[in-house]
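Note sheet for the following structure.
So that the names make sense, note that chain A is the first sequence line, chain B the second, and so on, each numbered from 1. Please read these numbers as outputs of a predicted model, since none were measured by experiment.
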There are 2 protein chains.
Amino acid sequence: MVTLEDVARHAGVSLATASRVLNGSTRQVGAPLRAKVELAAAELGYRTNVAAQTLARGASNVIGLVVHDLTDPYFAAIADGAMRVAESQGLMVMIGTTHRDPEREIAYVSTLNAQRVRAVLLVGSRVTDPETTRRLRTELDHYRASGGRVACVGQDLLGVDTVVPDNRRGAAELARALAGLGHRDFAILAGPDWLIAPRDRVEGFTGAIEELGLPAPRVLHGSFDREGGYAAATRVSGVTCVFAVNDVMAVGALASFRDRGVRVPGDVSVAGFDDILTLRDLVPPLSTVRLPLADMGARALEMALGPSEGGRAEAVTMTGEVILRESTRGPG
Amino acid sequence: MVTLEDVARHAGVSLATASRVLNGSTRQVGAPLRAKVELAAAELGYRTNVAAQTLARGASNVIGLVVHDLTDPYFAAIADGAMRVAESQGLMVMIGTTHRDPEREIAYVSTLNAQRVRAVLLVGSRVTDPETTRRLRTELDHYRASGGRVACVGQDLLGVDTVVPDNRRGAAELARALAGLGHRDFAILAGPDWLIAPRDRVEGFTGAIEELGLPAPRVLHGSFDREGGYAAATRVSGVTCVFAVNDVMAVGALASFRDRGVRVPGDVSVAGFDDILTLRDLVPPLSTVRLPLADMGARALEMALGPSEGGRAEAVTMTGEVILRESTRGPG
DNA sequence: CTGTTAGCGCTTTCAA
DNA sequence: TTGAAAGCGCTAACAG
């Protein structure tokens with residue numbers, strides 16, 4: 001293992017000089033020595049020991065990213081956005097997947113704290129259980145107390161900079177658009193009740209329907225994934241329009257209807273939420289609410305990395321855009 | 001920032017004792033002291049400084065994962081498999097995306113070396129340029145010389161443990177299955193020629209067709225993604241069956257045909273490769289070659305982490321299974 | 001511009 | 001068992 005000291009000796013300079021040319025930021029080393037050091041480093045095949053560097057500097061070059069599930073394109077898109085900004089800043093990213101277990105999210109924050117990462121980004125819906133949230137906040141506060149920066153993509157419940165998708169509004173606008181098509185009888189394929197995002201989408205949708213004086217949608221719960229959508233959709237009947245609280249569930253619903261011989265949009269219209277790029281080629285094309293996923297991830301990390309806004313946490317709301325495609329059309 | 005020393009002092013024990021109960025592996029501390037230390041750590045909110053630990057131990061608890069593109073479900077699936085084994089071993093994962101730039105892959109190996117990660121996993125097709133491969137190998141050798149472990153999911157060109165998808169064989173079997181349906185005139189939507197995986201798939205397919213005495217398929221190149229498949233498909237004509245070298249390109253092809261009013265499988269059959277789970281609900285369901293993606297990622301990391309097989313690199317071949325679905329049927 | 005030197009926080013012999 | 005002390009490799013004053 002080649003160390004800086006080896007390089008310094010090999011180049012005939014002091015440790016400090018070697019450090020300055022190889023890792024120091026502001027270059028203040030004479031050209032000749034600089035050249036010698038670089039040559040020596042190359043000849044010896046020197047690689048900075050980042051652990052030592054982190055220890056000495058008291059600051060690391062990595063950020064932590066905590067997502068629910070990387071194989072869910074929703075998270076992959078957000079993570080990709082965040083990773084691009086990390087990369088542009090020369091930061092490595094350490095990633096953890098919770099598989100929707102809030103305990104693991106808390107554990108990851110603790111671990112990332114131990115790693116002394118520069119910032120941690122929590123991506124995904126918060127949970128309704130206040131006790132869980134409180135414990136997560138405690139862990140985050142602990143991390144922040146020692147200089148860590150935090151941002152979140154989700155609900156603004158953590159007291160940190162947050163990028164908030166406007167789930168209620170998006171769902172409400174979708175509801176109005178669907179009602180505008182002539183639908184009166186809706187079913188909602190809802191996610192688990194302990195996740196806030198799907199719950200908000202249900203409430204936003206339901207609230208708008210109510211305001212329009214239409215009959216309340218039937219709410220069918222399922223897991224927040226393709227299987228959940230499939231399962232919930234099998235219980236749908238007597239409605240002309242189905243709102244799945246995310247695209248992935250909508251895909252499950254489409255599959256379910258197909259298997260049952262129910263035509264979409266002939267027999268029933270189906271809409272989702274998120275506008276997942278990977279799902280763009282579905283047949284029929286899915287009506288949905290577009291969220292700028294990659295931007296959200298990028299923006300959140302920028303907030304975490306940027307100067308703290310006078311100590312107060314900032315919340316940026318991202319409004320989704322309703323996109324009506326062929327999976328929905330008027331009833332009858 | 002609470003340090004181990006703070007904890008030790010608070011508990012009235014030595015630094016060494018505190019270290020042993022909080023981080024040491026083999027427990028050799030008396031119960032009473034142990035309790036005192038744990039209490040002190042909890043009261044003070046102590047978090048191990050992993051950088052210091054890594055420096056002192058000379059070994060870190062993180063592994064590096066280098067993939068082409070996280071938003072491509074192919075890589076997401078493999079990464080997920082690898083991350084599950086990492087997690088089961090208490091390892092954090094640091095991830096880098098190259099966006100298919102070989103230079104960045106080399107740079108990541110260097111960076112991960114600097115991080116002194118325990119192992120690095122390179123996921124994705126190798127390139128045909130021997131010079132690039134040589135430089136990557138040099139970087140890897142450098143890393144391994146200092147104790148780093150490496151594994152690869154892709155072609156066995158790096159001199160490291162590798163999980164090799166049998167692209168040629170899979171494509172050949174697919175070709176035979178398609179010919180078995182009665183097709184004689186094929187087009188291949190190929191990826192870039194500098195990537196070995198797509199090239200192997202083309203060769204495997206073409207070779208099998210040739211063996212059957214059928215006319216050579218026309219090869220249309222495009223980028224190794226949805227857009228590439230779309231673009232290449234617009235140039236297809238006069239064939240009854242199209243083989244896209246991966247599912248993502250096949251999706252693009254399907255979209256292209258739909259836009260042009262070409263019916264699949266009515267006018268033309270389409271097959272892909274990989275069997276991406278997220279794409280399972282495509283219409284029509286895609287014929288493809290199934291690769292056990294998550295297992296491949298898991299297996300590769302296990303190889304990297306396991307004992308080195310007598311110093312010799314091991315190569316495990318994963319054979320794909322041909323799956324004929326509704327996107328293909330006999331011609332005419 | 002360059003060198004000396006004191007740590008950064010933790011692990012790990014080596015003694016007691 | 002427990003403690004003392006010597007590093008791990010690098011950075012950052014502080015001198016010169």
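Judged purely by distance below 3.5 Å, without hydrogens or angles, the side chains of D80(A) and T71(B) never pair a donor atom with an acceptor atom. For the residue pair D69(B)/T97(B), the side-chain donor-acceptor check at 3.5 Å is not satisfied.
Distances shown here put every side-chain N or O of N49(B) at or beyond 4.0 Å from the OP1 or OP2 atom of dC8(C). Considering only side-chain N and O atoms, S14(B) lies under 4.0 angstrom from the phosphate OP1 or OP2 of dG3(D). The side chain of S19(B) contributes no N or O atom lying less than 4.0 Å from OP1 or OP2 of dC10(C). A sub-4.0 Å separation between OP1 or OP2 of dT2(C) and a side-chain N or O of T17(A) is absent.
Rounded to an integer number of Å, the gap from CD of Q53(A) to C1' of dG7(C) is 16 Å. Between the CG atom of L4(A) and the P atom of dG7(C) there is a distance of 20 Å, given to the nearest Å. Atoms CG (N23(B)) and P (dC10(C)) sit 7 Å apart, rounded to a whole Å. Taking atom CZ of R57(B) as the reference point, atom C1' of dT13(C) lies 16 Å away to the nearest angstrom. Look at CD on E5(B): it is 18 Å from P on dG7(D), rounded to the nearest Å. The nearest whole Å value for the distance from the CG atom in L22(A) to the P atom in dT11(D) is 9 Å. Residue R34(A) contributes atom CZ, which lies 13 Å from atom C1' of dT2(C) at whole-angstrom precision. Rounded to an integer number of Å, the gap from L55(A) CG to dA6(C) P is 17 Å.
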Would R144(A) and E139(A) count as a salt bridge (charged side-chain N to carboxylate O under 4.0 Å, His left out) here? Give the steps.
CA-CA 9 Å; R144(A) 298 204 295 163; E139(A) 194 59 51; over 6 Å; no
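Across all strands shown, G58(A) has no heavy atoms under 4.0 Å from either base or sugar-phosphate atoms. Across all strands shown, L33(A) has heavy atoms under 4.0 Å from sugar-phosphate atoms exclusively, and none from any base.
Remark: the R20(B) side chain and the dG3(D) base include a donor-acceptor N/O pair separated by less than 3.5 Å.
No donor-acceptor pair closer than 3.5 Å links the side chain of Y143(B) to the backbone N or O of V150(B).
The side chain of V29(A) has dT2(C) as its nearest neighbour among dG9(C), dT2(C), dG3(C). Here the side chain of V13(A) is nearest to one of dG3(D), dG3(C), dG7(C), namely dG3(C).
Counting non-hydrogen atoms of neighbouring residues, nucleotides and ligands closer than 6.0 angstrom, the CZ atom of R299(B) reaches no more than 12 such neighbours.
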